[in-house]
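Heavy atoms only: backbone and side chains are in, while hydrogens, waters and symmetry mates are out. Position 1 is the first residue of the sequence; numbering continues from there.
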Amino acid sequence: MDPPSLEFMKLEVHHESRTALLKYNRPFSGNSLHPKLLKDAVTAMHWIESQQSIRVVVVTGEGKFFCTGMELLKFDGEGMSFAIGSDFHELNRIFILSKKVLIAAVNGPAAGYGTSSLALFDLVYAVSDAYLFTPFVKWGMAPEGASSFSFPKILGHQRAASLFLAGDRITAQVAHDVGLVSKVLPKEGFLPQVMKIAQRVADSPSESLRATKELMKAPVRQDLVEANDRECALIHKERYGYSEFQDAVSKFREEQDKKRQLKSKI
């Protein structure tokens with residue numbers, strides 16, 4: 001079966017159909033989470049999960065950014081949904097339940113979901129000049145991607161709070177030092193390096209890969225599923241679209257308009 005045709009995701013199959021390369025494909029917006037991108041991402045991951053030959057999935061971004069999280073400037077009339085059963089909720093669920101080896105190739109800055117989703121991957125590689133941050137409180141939002149559970153578990157409460165509550169920005173090297181990134185790689189030839197690692201992993205005995213991942217994920221999988229449910233339910237009920245979010249986005253849009261006007265005068 002051929003890969004599905006997608007607009008805002010790029011899906012390629014490599015290495016005798018053992019590895020899949022999935023790219024967020026809205027480089028003009030920093031690969032932000034437009035509703036159509038989320039729909040394409042869910043479609044792509046469902047197809048990947050249905051392919052028995054695919055053992056490893058590499059997720060990266062097209063252009064300079066990995067993923068900059070929720071779209072703030074324009075939805076083309078479509079609002080994003082965080083409700084249980086929405087594409088956003090489902091994408092997290094697929095990542096959590098996947099039996100494939102998931103690799104994130106952080107090719108540039110990662111904001112919001114671009115950072116919070118990293119703990120759902122088995123391996124995370126980042127370019128040396130990447131930086132990560134989660135401006136959830138700034139936008140009147142709350143953690144997502146099951147990160148309210150995964151980040152305190154991996155980083156510890158205080159480091160997770162510095163990202164979520166204080167909105168601190170961290171470098172790829174710091175993310176590696178605290179356990180969120182597996183390895184920092186040179187920018188030159190970054191994606192080929194990650195694909196080479198993915199191919200090496202995919203060449204491993206398939207049942208050993210499956211069993212090893214299952215042993216590692218089994219103790220936390222249900223916690224991640226429940227965290228995703230809690231986060232999406234809360235954001236849908238009292239965060240996204242409500243007054244604090246609307247005020248923050250309005251301020252952001254005004255700032256962007258002023259910057260554009262200033263540039264046009266220069």
Side-chain angles (χ1 to χ4, degrees), residues 8 24 26-39 41 61 63-84 86-92 95 104 106 108-120 130-152 155 157-171 174-175 180 227-261:
F8 290 130
Y24 298 118
R26 294 188 79 235
F28 54 87
S29 72
N31 297 317
S32 58
L33 298 184
H34 188 282
K36 291 179 180 178
L37 181 147
L38 283 167
K39 183 177 181 180
K64 297 180 180 180
F65 293 85
F66 175 61
C67 173
T68 54
M70 182 174 52
E71 174 67 63
L72 293 174
L73 287 177
K74 186 178 181 181
F75 282 116
D76 297 327
E78 292 186 63
M80 188 168 164
S81 176
F82 290 87
I84 302 294
S86 66
D87 287 331
F88 181 81
H89 175 265
E90 178 64 8
L91 182 60
N92 294 322
F95 283 155
V106 184
Y113 187 72
T115 295
S116 64
S117 63
L118 294 181
L120 302 181
Y131 56 86
L132 300 80
F133 65 106
T134 55
F136 299 132
V137 171
K138 179 180 180 180
W139 304 124
M141 293 288 285
E144 20 82 320
S147 60
S148 61
F149 168 77
S150 62
F151 272 48
L155 281 66
H157 178 86
Q158 281 73 22
R159 288 195 181 107
S162 75
L163 284 167
F164 291 158
L165 301 180
D168 289 344
R169 180 180 296 191
I170 62 172
T171 64
V174 170
L180 190 59
N228 183 41
D229 289 348
R230 284 194 304 272
E231 292 165 358
C232 286
L234 182 146
I235 293 171
H236 176 71
K237 182 179 179 181
E238 62 178 66
R239 295 288 93 207
Y240 180 71
Y242 289 83
S243 60
E244 288 186 337
F245 171 78
Q246 291 176 332
D247 291 345
V249 171
S250 293
K251 183 178 179 181
F252 174 75
R253 290 173 176 168
E254 289 173 3
E255 291 172 351
Q256 295 301 305
D257 287 340
K258 289 179 181 177
K259 288 180 181 178
R260 282 193 291 269
Q261 291 171 10

Taking atom CZ of Phe82 and atom CG of Asn92, what is their separation to the nearest 0.5 Å? 9.5 Å

I need the minimum non-hydrogen distance between Ile235 and Ala142, along with the two atoms involved. CD1-O, 3.7 Å

Of all heavy-atom pairs linking Gly61 and Asn31, the shortest is CA-ND2, 3.6 Å

Minimum side-chain heavy-atom gap Tyr24-Leu37 below 4.5 Å: yes

For the residue pair Arg239 and Glu244, establish whether any side-chain heavy-atom pair is separated by less than 4.5 Å. yes

Do you know which two heavy atoms are closest between Phe136 and Gly112, and how far apart they sit? CE2-CA, 3.9 Å

Are any non-hydrogen side-chain atoms of Met141 and Met70 less than 4.5 angstrom apart? yes

So which atom in Ala160 and which in Pro152 form the shortest heavy-atom distance, rounded to 0.1 Å? CB-N, 3.8 Å

Under a 3.5 Å distance rule, please check whether Gln246 uses its side chain to pair with a backbone N or O of Gly241 as donor and acceptor. yes

On a heavy-atom basis, the closest approach of Glu144 and Tyr113 is OE1-CD1, 3.7 Å

Please enumerate all residues that pass side chain to side chain contact (heavy atoms under 4.5 Å, CB included) together with Leu38, with sequence neighbours excluded. Leu33, Met80, Asp87, Phe88, Leu91

For Glu231 and His89, run side-chain contact (heavy atoms from CB on, under 4.5 Å): C-alpha distance rounded to whole Å, both residues' side-chain angles, the deciding distance at 0.1 Å, then the answer. CA-CA 9 Å; Glu231 292 165 358; His89 175 265; over 6 Å; no

Separation between OG1 of Thr115 and CG of Leu163, rounded to the nearest 0.5 Å: 7.5 Å

How about Val174 and Leu132: do any of their side-chain heavy atoms sit closer than 4.5 Å? no

Reported OH-to-OG distance for the pair Tyr240 and Ser86, which is rounded to 0.5 angstrom: 11.0 Å

Min side-chain heavy-atom separation Phe66-Leu118 under 4.5 Å: yes

Side chain Ser250, main chain Asp247, donor-acceptor under 3.5 Å: no

Using 0.5 Å steps for rounding, measure from the CZ atom of Phe151 to the NE2 atom of His157. 14.5 Å

Distance, nearest 0.5 Å, that separates CZ of Phe8 from CZ of Arg26: 5.0 Å

Candidate pair Ile84 and Asp229, rule side-chain contact (heavy atoms from CB on, under 4.5 Å), full reasoning: CA-CA 7 Å; Ile84 302 294; Asp229 289 348; 4.0 Å; yes

Partner of Ser116 under side-chain contact (heavy atoms from CB on, under 4.5 Å), chosen from Pro143, Cys67, Ser150, Ser147: Ser147

Closest non-hydrogen atoms of Thr68 and Ser29, given as atom of the first, atom of the second and distance, are OG1-O, 3.3 Å

